Undergrad: 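Sharing a structure below in structure tokens format, with a few things to ask.
Just so it is clear, the model here is predicted, and its values are computed rather than measured. In listed order, ligands and their atoms are each counted from 1.
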Amino acid sequence: MTQPSRQAFVPFVSVDHMMRLVLQVGIETLMVELADAIEADFRRWPEFDKTPRVASHSDIGVIELMPTSDGQQYGFKYVNGHPGNMRRGLQTVTAFGVLADVATGYPVMISEMTILTALRTAATSAMAAKWLAPKDARVMAMIGNGAQSEFQALAMKAVCGIEEVRLYDIDPAATRKCAANLAGRGLRVTSCKAPEEATMGAQIITTCTADKQYATILTDNMVGGGVHINAVGGDCPGKTELHRDILMRSGIFVEYPPQTRIEGEIQQLDPDHPVIELWQVIAGEAPGRTGLSQVTLFDSVGFAIEDFSALRHIHRRLQDTGLFQELDMIADPDDPRDLFGMICRAEAANAA
Ligand code: NAD
């Protein structure tokens with residue numbers, strides 16, 4: 001006998017739900033949790049399927065798919081990067097993602113990832129800085145005060161104990177926005193008129209600008225000994241932020257070399273220039289910072305495992321918060337071969 005159709009609902013985390021989750025958990029607590037989740041997955045790096053993200057480039061931007069799996073669960077993110085969007089009143093980066101069960105192939109969660117990308121990027125930056133920056137770092141320069149910037153500042157405060165951020169952007173309106181958003185959040189915020197003013201006395205320099213060109217946000221003379229550079233904005237072929245001379249005298253740490261060689265600051269270097277994979281530092285297989293005067297560089301481009309960790313963490317959080325809605329996503333008749341019968345039954349129901 002043909003069974004009635006059942007519907008398999010998939011939890012969907014909307015932008016509204018993600019914002020409520022951030023407020024309920026607390027943004028700093030959530031970023032600490034994400035940093036821990038990402039670090040735990042970096043520690044078991046060899047268990048993951050890895051591939052450079054699949055990018056579709058145009059003259060003005062890129063659309064990318066970022067898949068990975070640990071054999072139990074599979075995740076992917078859809079993300080764009082369009083530096084010109086901001087001038088049209090649109091986000092530079094938007095994203096959504098899917099988490100799925102490897103055993104059945106069924107999706108177990110769909111989520112907005114524009115906010116989650118900002119959270120996970122900041123959590124990854126702070127996690128890397130925890131391993132690489134000077135232990136007594138208290139001042140960070142934040143060059144580029146756009147959508148990612150407040151997240152970067154607060155993650156560095158929560159994970160690394162940063163007390164002061166020194167802001168600079170070519171657009172003073174962006175700096176005003178960032179300073180206003182950070183007011184009253186426990187950071188000393190200094191707005192600067194030049195990048196040199198921002199980097200002066202900073203132990204961590206974060207660059208997070210958006211421009212599809214080989215830009216020079218930092219020149220060699222702006223980076224003193226012992227500084228940790230968190231380079232976030234150069235994440236695409238033809239889109240970098242640092243002068244090559246800085247790279248030549250830095251210890252360079254990356255997520256996944258086959259992707260970073262294409263997209264990161266190191267696209268400016270020879271393909272065999274030595275880099276260290278961050279996961280190896282965390283797993284105790286490679287040294288991190290080797291001295292007080294070493295310049296360390298986290299050449300961040302964003303890797304699929306960070307999104308996977310973030311999606312899994314949000315999925316775990318759904319149980320206790322209930323902050324999701326159910327999406328009627330999967331056509332799942334009780335008799336799996338009777339997919340057409342579902343339509344027949346719907347037709348009969350409509351006719352009745
Ligand atoms: P955004 O457009 O909101 O902000 C970028 C800011 O950079 C703007 O305020 C702009 O005025 C400023 N800027 C541009 N050129 C500058 C310069 N020469 N000096 C100082 N400021 C300058 O973008 P966003 O969402 O904050 O993203 C910033 C960058 O980070 C983008 O390039 C994006 O692709 C990248 N990103 C990387 C990751 C990662 O995992 N590595 C994740 C998300 C975003």
Undergrad: For the ring-ring contact (aromatic ring centres under 6.0 Å, His included) test, which of Tyr74, Phe48, Phe76 pairs with Phe308?
TA: Phe48
Undergrad: Minimum distance, heavy atoms only, to atom 5 (C) of ligand 1: which one of Gly81, Pro172, Ser300, Ala210 is it?
TA: Ala210
Undergrad: Relative to the heavy atoms of Thr92, which atoms of ligand 1 are at a distance of less than 4.0 Å?
TA: 1 (P), 2 (O), 23 (O)
Undergrad: Do any N or O atoms from the side chain of Thr117 and from the backbone of Thr114 form a donor-acceptor pair under 3.5 angstrom?
TA: no
Undergrad: Any nitrogen or oxygen of Glu306, main chain or side chain, under 3.5 Å from a nitrogen or oxygen of ligand 1?
TA: no
Undergrad: Answer yes or no: is there a donor N or O on one side and an acceptor on the other, between the side chain of Gln203 and the main chain of Ala133, under 3.5 Å?
TA: no
Undergrad: Of Gly61, Ala147, Cys178, which has the heavy atom at the shortest distance from atom 3 (O) of ligand 1?
TA: Ala147
Undergrad: Would you check whether Asp171 has a nitrogen or oxygen atom less than 3.5 angstrom from a nitrogen or oxygen atom of ligand 1?
TA: no
Undergrad: Between Gln267 and Glu263, is there a donor-acceptor pair closer than 3.5 Å when you use the side chain of the first and the backbone of the second?
TA: yes
Undergrad: Would a line drawn from the ring center of Trp131 to the ring center of Phe42 be shorter than 6.0 Å?
TA: no
Undergrad: So do Phe151 and Ile27 actually touch side chain to side chain, heavy atoms under 4.5 Å?
TA: yes
Undergrad: Within the structure, does Lys239 bring an N/O atom to less than 3.5 angstrom of an N/O atom in ligand 1?
TA: yes
Undergrad: Just which atoms of ligand 1 are under 4.0 Å from any heavy atom in Thr121?
TA: 38 (C), 39 (C), 40 (O), 42 (C), 43 (C)
Undergrad: Which option wins on minimum heavy-atom distance to atom 27 (O) of ligand 1: Glu150, Gln148, Met142?
TA: Gln148
Undergrad: Report yes if Val232 has an N/O atom closer than 3.5 Å to an N/O atom of ligand 1; otherwise report no.
TA: yes
Undergrad: For Leu242, does its backbone N or O pair with a side-chain atom of Gln268 as donor and acceptor, under 3.5 Å?
TA: yes
Undergrad: With nothing but distance in play, are any N or O atoms of Ile217 less than 3.5 Å from an N or O of ligand 1?
TA: no
Undergrad: Does an N or O from Asp211, backbone or side chain, lie closer than 3.5 Å to an N or O of ligand 1?
TA: no
Undergrad: Under 6.0 Å from the NZ atom of Lys135, do we count more than 12 heavy atoms belonging to anything else shown?
TA: yes
Undergrad: Atom CZ of residue position Arg316 - does it have more than 12 heavy atoms of other residues, nucleotides or ligands inside 6.0 Å?
TA: yes
Undergrad: In terms of atom number and element, which parts of ligand 1 are under 4.0 angstrom from non-hydrogen atoms of Gly302?
TA: 39 (C), 40 (O), 41 (N)
Undergrad: Report the residue from Thr175, Asp171, Thr209 that forms a side chain to side chain donor-acceptor pair (under 3.5 Å) with Asn145.
TA: Thr175
Undergrad: What I want to find out is whether Asp245 reaches Arg249 closely enough, with some N-O distance under 4.0 Å, to be called a salt bridge.
TA: no
Undergrad: Given side chains that start at C-beta, do those of Arg261 and His273 come closer than 4.5 Å, heavy atoms only?
TA: yes
Undergrad: Any sub-3.5 Å donor-acceptor pair from Lys50's side-chain atoms to Trp45's backbone N or O?
TA: yes
Undergrad: Less than 4.0 Å is my threshold; does some heavy atom of Ile170 fall inside it relative to ligand 1?
TA: yes
Undergrad: For ligand 1, which part of Asp235 has a heavy atom less than 4.0 Å away: the side chain, the backbone, both, or neither?
TA: side chain
Undergrad: Does Ala215 have a heavy atom less than 4.0 Å from any atom of ligand 1?
TA: no
Undergrad: Tell me: protein heavy atom nearest atom 7 (O) of ligand 1, and distance?
TA: Thr209 CA, 3.4 Å
Undergrad: Tell me whether Arg185 contacts the main-chain N or O of Asn181 through its side chain, where contact means a donor paired with an acceptor under 3.5 Å.
TA: yes
Undergrad: Which residue supplies the protein heavy atom nearest to atom 6 (C) of ligand 1, what is that atom called, and how far is it?
TA: Asp169 OD2, 3.5 Å
Undergrad: Could you establish whether Tyr168 and ligand 1 come within less than 4.0 Å of each other, counting only heavy atoms on the residue side?
TA: yes
Undergrad: Which of the numbered atoms in ligand 1 are below 4.0 angstrom from a heavy atom of Ala174?
TA: 9 (O)
Undergrad: Using a 3.5 Å cut-off on N or O atoms only, is Arg120 in polar contact with ligand 1?
TA: yes
Undergrad: I'd like to check which ligand 1 atoms, numbered from 1 as shown, lie under 4.0 Å from a non-hydrogen atom of Gly146.
TA: 3 (O), 4 (O), 6 (C), 9 (O), 26 (O)
Undergrad: As an exercise, identify every atom of ligand 1 less than 4.0 angstrom from a heavy atom of Gly233.
TA: 29 (C), 30 (O), 32 (O), 35 (C)
Undergrad: Heavy-atom contacts with Val301 under 4.0 Å: which atoms of ligand 1 show up? List them by number with element.
TA: 39 (C), 40 (O), 41 (N)
